[in-house]
Chemist: 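This is the structure I have questions about; it appears just below.
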Amino acid sequence: MTDLTKLTIAQAREALKNKEFTAIELTQAYIKNMEAKRELNAFVCECSEKALEQAKLSQIKIENGTSGDLEGIPLGVKDLFCTKGIETTACSNFLKGFVPPYEATVTSKLLKAGANFIGKLNMDEFAMGGSNETSAFGPVVNPYSKDVKLVAGGSSGGSAAAVSANMCAGATGTDTGGSIRQPSAFCGVTGIKPTYGRCSRYGVIAFASSLDQAGPIAKDVRDCAIMLKNMAGYDAKDATSVKVEVPDFEKFLSGDIRGMKIGLPKEYRVDGLNEEVVAYWDKAAQMLKDRGAEIVEISLPHTKYALATYYIIAPAEASSNLARYDGLRYGNRVDGNSIDEMYINSRTQGFGKEVKRRIMVGTYVLSAGYYDAYFLKAQKVRRLIRDDFVKAFEKCDVILTPTSPVAAFPIGDKKMQEDPIAMWLNDIYTVSVSLAGLPAMSLPIGLNKDGLPLGMQIIGKAFDEQRVFEAASALEKQAGFEGVK
Ligand code: GLN
């Protein structure tokens with residue numbers, strides 16, 4: 001039998017329906033791969049037994065014709081999603097041992113569609129990071145690594161690596177400033193951050209609530225469409241989820257983009273940008289043109305402030321969201337001689353270095369005297385960044401940019417470790433989209449000279465994921481990237 005783990009979700013779904021193999025066989029194949037590739041450190045919790053039980057139930061549904069859209073498809077879940085009865089840690093020592101009594105809305109939707117969760121995936125602690133090196137479980141190894149172990153990107157590094165290495169058919173991710181798109185680019189897989197409000201945040205452990213969005217990471221554009229359709233939708237339990245219809249995204253994959261206008265932001269050609277990244281960007285624009293799209297130059301003048309704005313707003317919200325981890329309510333508790341000492345001990349021990357850095361920055365920018373100078377100003381600039389996009393979209397339908405200014409770098413890279421700003425610079429192409437709340441997809445289009453994948457980002461108007469899928473599917477067909485390992 002062919003290697004079942006190489007199939008896309010769409011292919012597996014079809015084959016299951018045609019009885020070419022069973023959901024049990026498919027799950028077994030993925031479990032085998034998950035176990036064989038443990039050295040990648042992609043999974044932090046394996047649910048093999050539960051998954052096999054679930055596969056049996058799915059098989060019955062397939063046989064009696066009552067199967068859901070994702071019936072019997074083995075998925076991985078980022079450890080930021082609360083999963084009922086399954087340990088959920090956000091990859092923080094603070095939450096080790098926490099078993100949620102409830103299910104996140106997004107994962108419960110996937111379960112309802114028949115998906116089968118085979119494990120929880122590694123990530124940066126509380127989703128703070130861009131290389132999966134802040135995880136309390138250690139870094140994820142990029143499946144494209146050769147002699148030197150490379151990062152998988154972050155914060156959804158486990159999700160991207162697991163999909164890339166065929167350890168699961170698809171995975172959930174979350175994206176606050178690039179955490180779906182950048183790891184997807186680093187691992188040669190496809191991921192979409194939907195419009196803010198498209199997916200419910202209920203049960204997703206909060207990092208920065210005005211930015212956090214859930215989305216899929218999968219082997220290709222179609223699989224992202226299938227997954228997103230089954231994750232999205234209004235939820236009364238999340239006041240920021242929006243009551244709009246969820247289209248069947250699979251209907252937007254024809255690859256016909258004749259007449260579509262693709263915007264290239266002139267400000268994104270920053271000095272010192274990696275030459276190969278620029279070359280691929282030009283190539284991608286040409287590919288879309290070859291399919292009948294029109295390329296237009298656009299301007300996003302406030303982009304240069306996006307990183308500074310993001311690294312004020314995200315830590316501010318994080319410092320507030322993480323105040324709940326006090327040693328009393330959840331997880332880690334380290335006693336002291338007074339209640340203050342107990343708080344201090346619990347938080348000192350429970351949180352890692354990057355999380356502490358964010359809490360300190362966030363507390364500072366929210367403090368009296370600095371609130372106006374930093375936080376309020378950042379909110380105003382956020383509006384200007386959003387307005388830039390609104391204006392740009394008067395001239396184009398979608399925007400094309402690289403996902404990341406670099407390809408995957410070595411784990412423990414000295415420069416990145418010693419200079420947090422160098423690490424934060426990697427988010428230059430993703431954070432402005434998050435600040436504006438827009439949908440954006442990253443898809444791989446080729447390898448650089450070191451054999452590492454490079455991703456392109458397609459940004460759409462709010463709630464216009466359809467166009468993003470249309471453009472991405474055209475680019476995918478034209479690029480013909482066969483990246484998944
Ligand atoms: N790398 C960014 C950060 O460290 C984005 C993280 C995310 O999207 N969760 O904040």
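Numbering of ligands and ligand atoms starts at 1, following listing order. Residue numbers start at 1 and run along the sequence shown. Predicted, not measured: the structure shown is a model, and the values here were computed from it. Any value given below was found using the heavy atoms of this structure, including those in side chains, with hydrogens, waters and symmetry copies removed.
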Chemist: I'd like to know if Tyr310 contacts ligand 1, where contact means a heavy-atom distance under 4.0 Å to any ligand atom.
Modeler: yes
Chemist: Does Glu267 pair with Lys304 as a salt bridge, N-O distance under 4.0 Å?
Modeler: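 Here Glu267 does not pair with Lys304 in a salt bridge, since their nearest N and O are not under 4.0 Å apart.
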Chemist: Backbone, side chain, both or neither: what part of Tyr311 comes under 4.0 angstrom of ligand 1, heavy atoms only?
Modeler: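 It is the side chain that touches ligand 1; the backbone stays farther off.
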Chemist: Checking Asp238 side chain against Arg201 main chain: does a donor-acceptor pair fall under 3.5 Å?
Modeler: yes
Chemist: Which bit of Ala127 is near ligand 1, meaning a heavy atom under 4.0 Å away: side chain, backbone, both or neither?
Modeler: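 Both backbone and side chain.
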Chemist: I need the contact type for Asp427 against ligand 1. Using non-hydrogen atoms and a strict under-4.0 Å cut-off, is it side chain, backbone, both or neither?
Modeler: side chain
Chemist: For atom 4 (O) of ligand 1, which candidate among Glu354, Met423, Arg358 holds the nearest heavy atom?
Modeler: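 Nearest heavy atom to atom 4 (O) of ligand 1 lies in Arg358.
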Chemist: Contact between Ala314 and ligand 1, counting heavy atoms under 4.0 Å?
Modeler: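 Not so, Ala314 does not reach ligand 1.
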Chemist: Tyr429 and Tyr268: aromatic ring centres closer than 6.0 Å?
Modeler: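 Tyr429 vs Tyr268: aromatic centres under 6.0 Å.
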Chemist: Report, in ascending order of atom number, the atoms of ligand 1 lying under 4.0 Å from any heavy atom of Ser155.
Modeler: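 Listed by number with element: 9 (N).
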Chemist: With a 3.5 Å distance limit and no angle check, can you tell me whether Thr172 reaches the backbone of Pro216 through a side-chain donor-acceptor pair?
Modeler: no
Chemist: Counting each atom of ligand 1 from 1 as listed, which ones have a heavy atom of Ser179 under 4.0 Å away?
Modeler: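 Contacts of ligand 1 toward Ser179, numbered from 1: 5 (C), 6 (C), 7 (C), 8 (O), 9 (N).
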Chemist: Please could you name the atoms of ligand 1 that Phe207 approaches to less than 4.0 Å, counting only its heavy atoms?
Modeler: 9 (N), 10 (O)
Chemist: Using the side-chain contact (heavy atoms from CB on, under 4.5 Å) definition, which of the options Leu452, Leu150, Asn426 pairs with Phe409?
Modeler: Asn426
Chemist: Using salt bridge (charged side-chain N to carboxylate O under 4.0 Å, His left out), reason through Arg269 and Asp282 one step at a time and then give a plain yes or no.
Modeler: CA-CA 11 Å; Arg269 285 187 188 262; Asp282 291 339; 2.7 Å; yes
Chemist: Check each atom of ligand 1 against the heavy atoms of Gly177 and keep those under 4.0 Å away; list them by number with element.
Modeler: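 Under 4.0 Å from Gly177, ligand 1 has these atoms: 5 (C), 7 (C), 8 (O).
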Chemist: For Phe126 and Phe351, take the angle between the two ring planes, folded into 0 to 90°, and tell me which bin it lands in: parallel under 30, tilted 30 to 60, perpendicular over 60.
Modeler: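 Because their plane-to-plane angle is over 60°, the rings of Phe126 and Phe351 count as perpendicular.
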